[in-house]
Amino acid sequence: MRRTAPRTETQQADTLQGVAREQWLQMYEQMIRIRVFEEQVNELYRSAKMPGLAHLYSGQEASAVGICQALRPDDYITSTHRGHGHCLAKGARVDLMFAELLGKTPGYCRGKGGSMHIADPEAGNLGANAIVGGGAGIATGAALSAKRRGSGQVSVCFFGEGALGQGVLYEVMNMAALWTLPVIYVCENNLYNEYTHYSEVTAGELRARPAAFGIRCAEVDGQDVRAVYATTRRVVEQVRGGEGPAFLISNTYRFFGHHVGDVNRAYYRSKDEEQEWKGQRDPLAIMAGWLTGDGIADVGTLEEIERRARAEVASGVEFALAAPYPDPGEVDQHVYA
Amino acid sequence: MSMLSAVADREITFAQAVREALAEEMRRDPTVFILGEDVAEAGTPFKVLSGLVEEFGPERVTDTPISEAGFTGIAVGAAMTGLRPVVDIMFGDFLPLAMDQIVNQAAKVHYMSGGKLRAPMVVRTNLGATRRSAAQHSQSLHALLSHIPGLKVVLPSTPYDAKGLLKTAIRDENPVVFFEDKLMFQLKGPVPEGEYTIPFGVADVKRQGTDITLVATSSMVQVALDAARILEKDGISAEVIDPRTTVPLDARTIVESAKKTGRAIVVDEGHERYGVTAEIASVIAEGAFYHLDAPVRRMGAMNVPVPFSPALEDLTVPTGERVAATARALCGRT
Ligand SMILES: Cc1ncc(C[n+]2csc(CCOP(=O)(O)OP(=O)(O)O)c2C)c(N)n1
C-alpha cells in the first residue's frame with residue numbers, strides 16, 4: 001500500500017503549465033491588496049480609529065491567495081481570527097471589509113462581527129472565527145452538505161497550527177475520512193501560537209496526524225505562491241474528484257505581532273528571526289522576483305498594480321470612515337432567523 | 001468598602017492581587033500549580049501571571065497547547081489524586097470547550113462516588129463586554145456554571161476581594177470557578193500586606209443606604225456604585241450589596257437589605273434571561289415579599305450575542321445612568 005504520509009511538493013513545473021500571465025498578475029494584485037489593506041488596519045489601530053484589536057495576516061499572503069486561486073467561486077472556506085487574507089483572497093471587497101472593521105453599517109456583518117468574524121457567503125466564505133479550531137466542524141459539515149447535494153463544491157478549512165491542539169479537529173477529520181468528504185484542512189504553520197513556539201506545545205510530527213486517519217497530506221513553502229497554487233490545484237482536483245479529504249501544511253510566518261497591540265515580542269521571538277523572514281522570505285518580494293526574472297512582468301507593471309491596490313485601499317478606508325454606525329434598533333435584529 | 005480593606009495602607013491593582021494570591025498559595029502549598037495557554041513567559045494576554053514562572057518554574061506554571069478540554073480534564077485527574085491545579089481559561093468564552101470536564105466530571109465526582117473522591121481545583125477565567133472584542137470574546141457565562149450543583153462560583157469586584165477569595169478558592173475542597181472582570185485588571189484598591197482570606201457565601205455591603213437595594217456582581221458593582229452616586233444627588237439613598245459568590249449565595253444579607261429598603265434591583269452582566277439576576281430576584285421576592293414596596297427588577301446584559309460595533313455594544317450592558325433611572329422609577333420619582 002502506498003504510504004499516505006505526506007511529502008513536499010515537487011511537481012510544480014508540470015502542474016503550473018497553462019497558467020496565463022493574467023492569472024499570475026491577478027494573484028500578485030491580490031497579495032499586494034492584502035498587504036496594503038493590513039498596513040491601513042495597523043494605521044487605523046494606531047490612530048485609534050478602529051475599535052478593538054486585529055490579527056494581521058501580513059507575511060502569509062501567498063498562502064491564502066495560492067489556495068483560493070485554486071478554488072471555484074462557489075467553493076467554501078472557513079477562516080480564523082487571522083482572517084483578512086482569506087476573506088480578501090476568496091473575493092471580499094476592501095471597502096466592505098474596512099466598514100466591518102470599523103463597526104459600520106455597510107460592513108460585511110453590519111458591524112456586528114468585526115475583524116475576527118467576517119462572513120461573506122456569496123463568495124463562499126462561511127465565516128472567520130475567533131474560537132481556535134472553531135471552523136473545523138463547519139468546514140467539514142459544508143463538505144458533507146456539498147457531497148449530499150452533489151454540488152461538486154469543495155470546502156477549505158483554514159487554521160493555524162495552534163488549532164492542532166483542539167480535539168474537535170481530530171473528531172471531524174476521522175469522519176471526513178470515513179465518509180470521503182470533499183474537505184481540505186489547511187494548516188498554516190506560522191510557528192507561533194500567540195506567544196509560544198509551536199514546538200513547545202505540539203508533540204510528534206505534524207504530518208503524522210492526518211496520516212493517522214489515512215488522510216493525504218502535502219506540505220508547501222507558504223511563502224512561494226507558485227508552490228502553494230500548484231499543490232492546491234492538484235489537491236483540489238483529487239478532493240473534488242471524490243478521493244476524500246486532504247491535509248495541506250503551508251509553512252509561513254506572520255510579520256507582525258499576534259495582534260496589532262503585540263509590539264514588544266522579543267521575549268518570544270527574536271528580531272533576527274523576524275528580519276530574516278521579512279528580508280528573505282517575503283512572499284511579495286519572492287513573487288515579484290520571479291515575475292520579473294522570468295519576464296512575465298516588468299517592474300513598471302508591478303508598480304502599476306501596487307498603485308491600483310493602494311488607491312483601492314485608500315478609497316476603501318475613506319468609504320468606511322464616512323459610513324454610518326448601525327442604528328440602535330439593529331442591536332436585537334438577527335438574533336433569530 | 002469592607003472594613004478590613006479600608007485600613008490597608010497600600011493600593012495594588014486587581015491583576016496584582018490575583019497574582020499575589022497565587023504566589024502566596026504556591027509558596028504555602030507545593031501541590032498548587034497553574035495550567036493554561038500562555039501562562040508562563042507571556043503571563044497571559046492580560047499579564048496577570050507575569051513573574052510567576054520565574055519564581056516557580058515551568059513545572060508549576062505550565063504552558064499548554066490550545067486544548068481547553070484536555071488540560072481541564074488533566075486538572076480534574078490531578079486534583080482527584082492529590083494536587084491542587086489552578087486552570088487558566090484565557091477568556092470566559094472558552095469555558096464551553098471545557099464544559100464536559102467541568103460539568104460532568106469535576107462537579108459530580110464527589111457526589112457520584114458517595115463522597116469518596118473529590119476534585120479540589122480552581123478554574124480561573126474572566127467575563128465582561130465593552131472591549132470591542134465581539135461575540136466570542138465578551139460573554140459573561142457565570143450563570144451557566146452557577147446552575148451546576150457541585151461547583152462554587154466566585155465573582156470578585158475589588159482587588160481586596162480578589163485576593164482573599166482566590167486564596168479561599170485554592171484551599172477549598174471542591175471545584176471552584178473564579179471569574180475576573182477583564183476591564184478591572186488595572187483597577188487599584190487597598191489590599192493589606194498580611195495574610196487574609198475571605199469566606200465564600202458572605203456578601204459585602206459596598207455602600208450603605210436606606211431607600212433601595214442594588215444587588216450587583218463583579219463588573220456591575222462599579223456600575224451600581226455609579227448609580228448610587230447619581231441617586232444621592234436626587235436624594236435617594238441606595239445600598240449596594242455584592243454577593244461575591246453566587247454559589248454559595250448569602251441570601252440572608254440580600255434579603256435583610258431588601259426588607260430594610262423595600263425596593264431592589266439586581267444588576268449582573270450575564271444575559272438577563274434565566275440568569276443570576278433572575279435567581280437573586282426570586283430569592284428577594286421569596287424572602288422579603290411582605291416588605292417590598294415595588295416589584296424586584298432585573299438588569300442584565302441584553303438577550304443578544306455581544307455585537308462588535310461600539311454603537312451597538314454599549315447598548316447591551318447596564319450603565320450607572322440606566323440603573324439610576326430604573327431606581328428612580330421604582331422609588332416613584334420619574
Ligand atoms: C479555543 C480557543 N482557545 C484560545 C484562544 C485564544 N487564542 C487566540 S489566537 C490563539 C493562538 C492561535 O494560534 P494559531 O492557531 O497557530 O494561529 P495564529 O495566531 O498563529 O495565526 C489563541 C490561543 C481562542 N481564540 N480560542
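Here the structure is a predicted model, which is why all the values come from computation and not from measurement. Lettering of chains follows the sequences in order, A, B, ..., and the numbering in each one begins at 1.
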Okay, A:Asp327 and chain B: the region with an atom under 4.5 Å from a heavy atom over there is backbone

Over 12 non-hydrogen atoms of neighbours within 6.0 angstrom of CD in B:Glu321: no

A:Ala130 and B:Phe94 have their tightest heavy-atom pair at O-CE2, 4.4 Å

Among A:Glu200, A:His259, A:Met116, the residue with the most heavy-atom pairs under 4.5 Å to chain B is A:Met116

In terms of heavy-atom pairs under 4.5 Å with chain A, the winner among B:Ser133, B:Ala42, B:Pro305 is B:Ala42

Any non-hydrogen side-chain atom of A:Val331 less than 4.5 Å from a side-chain atom of B:Pro307?
yes

Distance col, row B:Leu312:CG vs A:Arg110:CZ, nearest 0.5 angstrom, shows 10.0 Å

If one checks every heavy atom of B:Leu315 against chain A at 4.5 Å, the contacting part turns out to be side chain

Contacts satisfying side-chain hydrogen bond (donor to acceptor under 3.5 Å, both in side chains) that involve residues 130-140 of chain A (not counting sequence neighbours) are A:Thr140-A:Tyr185

Hits for side-chain hydrogen bond (donor to acceptor under 3.5 Å, both in side chains) against A:Asp332, two or more places apart or cross-chain, chain-then-number order -> none

Rounding to 0.5 Å, atoms CG (A:Leu53) and NE2 (B:His137) come to a distance of 9.5 Å

dist A:Glu100:CD -> B:Phe308:CZ (nearest 0.5 Å) comes out at 7.5 Å

Does atom CD (B:Glu54) have a neighbourhood of more than 12 heavy atoms from anything else shown, all under 6.0 Å?
yes

Applying a strict 4.5 Å limit to non-hydrogen atoms, the region of A:Tyr267 in contact with chain B is side chain

dist A:Ile131:CD1 -> B:Ile66:CD1 (nearest 0.5 Å) comes out at 11.0 Å

Within residues 159-176 of chain A, contacts to chain B at heavy-atom distances under 4.5 Å involve A:Gly162, A:Gly165, A:Gln166

Exercise. Crowded around A:Glu318 CD? As in, over 12 foreign heavy atoms under 6.0 Å?
Worked result: no

So, the part of B:Ala69 with a heavy atom under 4.5 Å from chain A: the answer is neither

When rounded to the nearest 0.5 Å, the distance separating CE of A:Met50 from CZ of B:Arg132 is 13.0 Å

Cut-off 4.5 Å, heavy atoms of chain A, and the answer for B:Glu68 is both

message = Determine whether A:Val335 and B:Asn303 satisfy the following criterion, side-chain contact (heavy atoms from CB on, under 4.5 Å), listing intermediate values before the conclusion.
response = CA-CA 9 Å; A:Val335 179; B:Asn303 297 318; over 6 Å; no

Notebook entry, point to check: Take atom NZ in A:Lys49; do more than 12 heavy atoms of anything else shown fall under 6.0 Å from it?
Noted result: no

Less than 4.5 Å apart, side chain to side chain, heavy atoms only: is that true for B:Val304 and A:His334?
no

Listed by number, the residues in residues 186-196 of chain A that come under 4.5 Å of chain B (heavy atom to heavy atom) are A:Asn193, A:Glu194, A:Tyr195, A:Thr196

When the 4.5 angstrom heavy-atom criterion is applied to A:Tyr336 and chain B, the contacting part is side chain

In terms of heavy-atom contacts, A:Pro326 and B:Ser309 come closest through CD-OG, 3.4 Å

